[in-house]
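Shown next, in structure tokens, is the structure this report addresses.
Only a predicted model underlies this, so the values are computations on that prediction, with no experimental measurement involved. Throughout, a chain's letter reflects where its sequence line sits, starting with A, and its residues are numbered from 1.
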Number of protein chains: 2
Amino acid sequence: MAEALKSPRRPRRAGRQPRSRQSVLGKAGDSGLAALGRASRQTLQAQVYDRLKSAVMTGVLAPGQPVSIRGLASALGTSPIPVREALRHLAAERAVEVQPNGSVAVPEMTRARFEDLRRTRLVIEGFATELAAASMTPATIRRVEGLFAQVDALHRSGDVKKFLAQNQRMRFVIYQAIDSPTLMPIIESLWLQVGPFFNLSMAEPHLRRSLSYDLAAINALKRGDGPEARKWIERDISETGDYILSLLKG
Amino acid sequence: MAEALKSPRRPRRAGRQPRSRQSVLGKAGDSGLAALGRASRQTLQAQVYDRLKSAVMTGVLAPGQPVSIRGLASALGTSPIPVREALRHLAAERAVEVQPNGSVAVPEMTRARFEDLRRTRLVIEGFATELAAASMTPATIRRVEGLFAQVDALHRSGDVKKFLAQNQRMRFVIYQAIDSPTLMPIIESLWLQVGPFFNLSMAEPHLRRSLSYDLAAINALKRGDGPEARKWIERDISETGDYILSLLKG
DNA sequence: TTGTGAAATATGGTATATCGCACTTGGCCG
DNA sequence: CGGCCAAGTGCGATATACCATATTTCACAA
């Protein structure tokens with residue numbers, strides 16, 4: 001058994017910090033060995049990606065503010081490489097923009113861009129909603145209705161951030177029912193692009209109306225009435241867009 | 001002033017190969033300093049990305065065949081890092097798939113996936129065509145007609161590969177007329193996903209029909225008739241899909 | 001001959017080092 | 001007093017090093 005010879009391949013340089021592959025970012029309090037089965041096979045790049053994605057969606061990263069790879073890396077306690085790859089991934093989804101000098105930033109929103117996004121969302125999410133009507137199982141309906149109840153409660157409690165997060169989850173459960181590996185990433189990318197601005201600017205007078213449209217859409221989905229559900233989702237996207245656009249003016 | 005100590009940062013290790021940033025991949029025979037002004041500010045990652053994208057589109061990379069990062073890197077004469085990033089970028093666009101072990105491959109095509117792609121393309125490219133009708137300038141029309149002539153000639157000459165390449169260029173000129181930073185990347189991603197299979201399987205009996213639809217669409221665009229143009233593009237996508245699907249059966 | 005397991009190999013992921021550019025800063029000259 | 005040049009600093013891009021795991025190969029024994 002020459003294994004003892006092989007295990008320590010090389011003398012191992014002194015100042016090396018192997019840094020265990022998991023849980024570098026996930027600060028979930030691992031209770032001993034339980035962690036082994038949990039996030040075992042998550043690459044750092046994927047963890048950083050998830051974090052940044054959520055940071056973009058929740059508006060933690062302000063639009064226009066440049067983000068430095070090294071800064072993020074040191075903030076997250078990793079080397080620049082996983083951060084670079086996560087940022088590239090987000091850039092491919094248009095969640096962030098690569099600046100001429102190479103650093104990245106959440107893109108600024110202009111009226112033109114927002115209107116472009118809105119018309120695209122109308123077409124794609126409208127289509128997706130109509131498709132979803134044919135794929136809704138009773139279990140999915142229940143899931144959606146449960147989420148709607150939560151969203152409604154969050155609306156009453158006034159927690160806009162959580163409201164939007166759960167609202168997104170609800171929508172995505174609907175879209176996921178289609179089981180379309182083509183549509184889903186497109187819709188995710190669209191939400192990543194408009195999401196930050198919802199978080200920054202959505203306010204009460206509009207939320208209630210949006211909720212009523214969602215409810216109408218859910219009821220239509222329950223009946224399997226795709227065109228009707230589509231109509232309500234389109235109305236929601238369209239009027240929410242009007243609202244955001246009215247804020248972009250000033 | 002301890003600066004003098006700092007300026008020559010370190011003695012510079014002997015065996016270092018700085019490897020000029022450009023033209024590592026571009027084997028265009030640089031004639032001396034002329035190269036300086038040419039591809040100056042292209043990162044390696046971007047060059048690798050372009051190459052791989054074209055390799056995927058033209059079917060050079062066979063679906064399912066795993067691509068090793070290191071293999072590509074040494075084939076291209078770079079380190080693995082730019083290759084990794086280019087592959088991640090392509091993976092985000094669904095042009096390649098990250099395998100469970102971390103390497104990547106062009107995804108296999110199944111009937112289900114192809115039908116999913118087709119219905120999505122019908123909606124998105126149909127919409128895009130209709131929009132384009134409102135944005136076509138005389139110059140764009142001329143450009144498209146010029147490309148159509150080339151495509152037609154290539155069809156007669158029987159060079160399917162070049163035919164498809166120019167055909168794509170023609171379509172993208174139309175879509176680009178919309179000037180939609182949202183739609184364009186989506187359409188590109190869709191073409192990256194279906195492109196390889198066109199290259200592998202398109203054959204004569206279908207090409208002529210497809211060309212006639214394209215011509216009809218172009219004429220409709222010229223008249224500014226968006227719905228009509230949309231109809232022809234949709235018919236093209238739909239019937240080309242039928243054709244490919246008939247091949248996927250066997 | 002074949003199955004099993006261990007070593008060799010290949011490969012992905014990531015840390016570190018270094019290059020070269022870009023932007024900043026400070027000083028000098030007009 | 002203002003603008004321009006030069007050093008300095010920060011950062012992105014990339015090469016290299018090295019670990020850990022997946023895969024292959026090969027030897028040995030049943």
Side-chain angles (χ1 to χ4, degrees), chain A residues 1-22 24-25 36 40-49 66-89 91 96-105, chain B residues 1-25 36 40-49 66-89 91 96 98-105:
Chain A
M1 256 180 238
E3 272 202 359
L5 288 178
K6 195 192 162 196
S7 185
R9 297 262 177 120
R10 265 164 224 86
R12 172 73 65 78
R13 250 179 20 212
R16 197 64 206 297
Q17 275 277 65
R19 194 185 284 290
S20 136
R21 184 162 294 182
Q22 76 239 29
V24 175
L25 292 183
L36 258 178
S40 261
R41 237 32 198 21
Q42 183 83 315
T43 64
L44 268 184
Q45 178 259 138
Q47 294 176 53
V48 173
Y49 169 76
V67 174
S68 107
I69 294 179
R70 282 164 132 101
L72 270 181
S74 75
L76 297 173
T78 75
S79 88
I81 303 242
V83 175
R84 282 175 58 79
E85 293 190 1
L87 287 173
R88 292 276 178 243
H89 190 166
V96 300
E97 237 171 11
V98 178
Q99 310 269 316
N101 72 2
S103 62
V104 302
Chain B
M1 248 185 248
E3 278 202 353
L5 289 178
K6 201 183 161 200
S7 182
R9 301 260 173 125
R10 261 162 230 88
R12 170 74 64 79
R13 252 184 15 218
R16 197 65 207 299
Q17 274 276 67
R19 193 185 284 289
S20 137
R21 185 163 294 182
Q22 76 240 28
S23 83
V24 175
L25 291 183
L36 259 178
S40 261
R41 235 32 196 26
Q42 183 83 316
T43 64
L44 266 185
Q45 179 259 136
Q47 295 176 53
V48 173
Y49 170 76
V67 175
S68 111
I69 294 178
R70 283 168 135 95
L72 270 181
S74 75
L76 297 173
T78 75
S79 89
I81 303 237
V83 176
R84 283 176 56 80
E85 293 190 2
L87 287 173
R88 293 278 179 245
H89 189 165
V96 300
V98 178
Q99 311 268 313
N101 72 1
S103 60
V104 303

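- The distance between atom CZ of B:Arg70 and atom P of D:dT16, rounded to the nearest whole Å, is 12 Å.
- Rounded to an integer number of Å, the gap from B:Ile69 CD1 to C:dT14 C1' is 12 Å.
- Among C:dT14, C:dG12, D:dG12, the nucleotide with an atom closest to any side-chain atom of A:Leu44 is C:dT14.
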Begin with the C-alpha distance, continue with both residues' side-chain angles, and end with the deciding distance and a verdict on side-chain contact (heavy atoms from CB on, under 4.5 Å) for B:Arg88 and A:Arg88. CA-CA 8 Å; B:Arg88 293 278 179 245; A:Arg88 292 276 178 243; 5.5 Å; no
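- The interatomic distance linking B:Gln42 (CD) with D:dG12 (P) rounds to 19 Å, in whole Å.
- An OP1 or OP2 oxygen of C:dA15 is reached within less than 4.0 angstrom by a side-chain nitrogen or oxygen of A:Ser79.
- The stretch residues 81-89 of chain B comes close to DNA chain C through B:Ile81, B:Arg84, B:Arg88, each having a heavy atom under 4.0 Å from the strand.
- Protein atom CG of A:Leu72 is 13 Å distant from nucleotide atom C1' of D:dG12, rounded to whole Å.
- Sorted by first then second residue, the salt bridge (charged side-chain N to carboxylate O under 4.0 Å, His left out) pairs that include residues 68-84 of chain A, not counting sequence neighbours, are A:Arg84-B:Glu85.
- Here A:Ala91 pairs with A:Val96, A:Val98 under the side-chain contact (heavy atoms from CB on, under 4.5 Å) rule; sequence neighbours left out.
- Across the protein-nucleic acid pair, A:Gln99 atom CD and D:dC11 atom P stand 14 Å apart, rounded to whole Å.
- Expressed to the nearest 0.5 Å, how far CD1 of B:Ile81 lies from CD of B:Gln45 amounts to 11.5 Å.
- The listed nucleotides are D:dT14, C:dA15, C:dG13; the one nearest the side chain of B:Gln45 is D:dT14.
- Here the shortest heavy-atom pairing between B:Val48 and B:Ala86 reads CG1-CB, 3.6 Å.
- The distance between atom CG of A:Asn101 and atom C1' of D:dT9, rounded to the nearest whole Å, is 15 Å.
- When the side-chain hydrogen bond (donor to acceptor under 3.5 Å, both in side chains) test is applied to B:Ser103, the partners found at least two apart in sequence or on another chain are B:Asn101.
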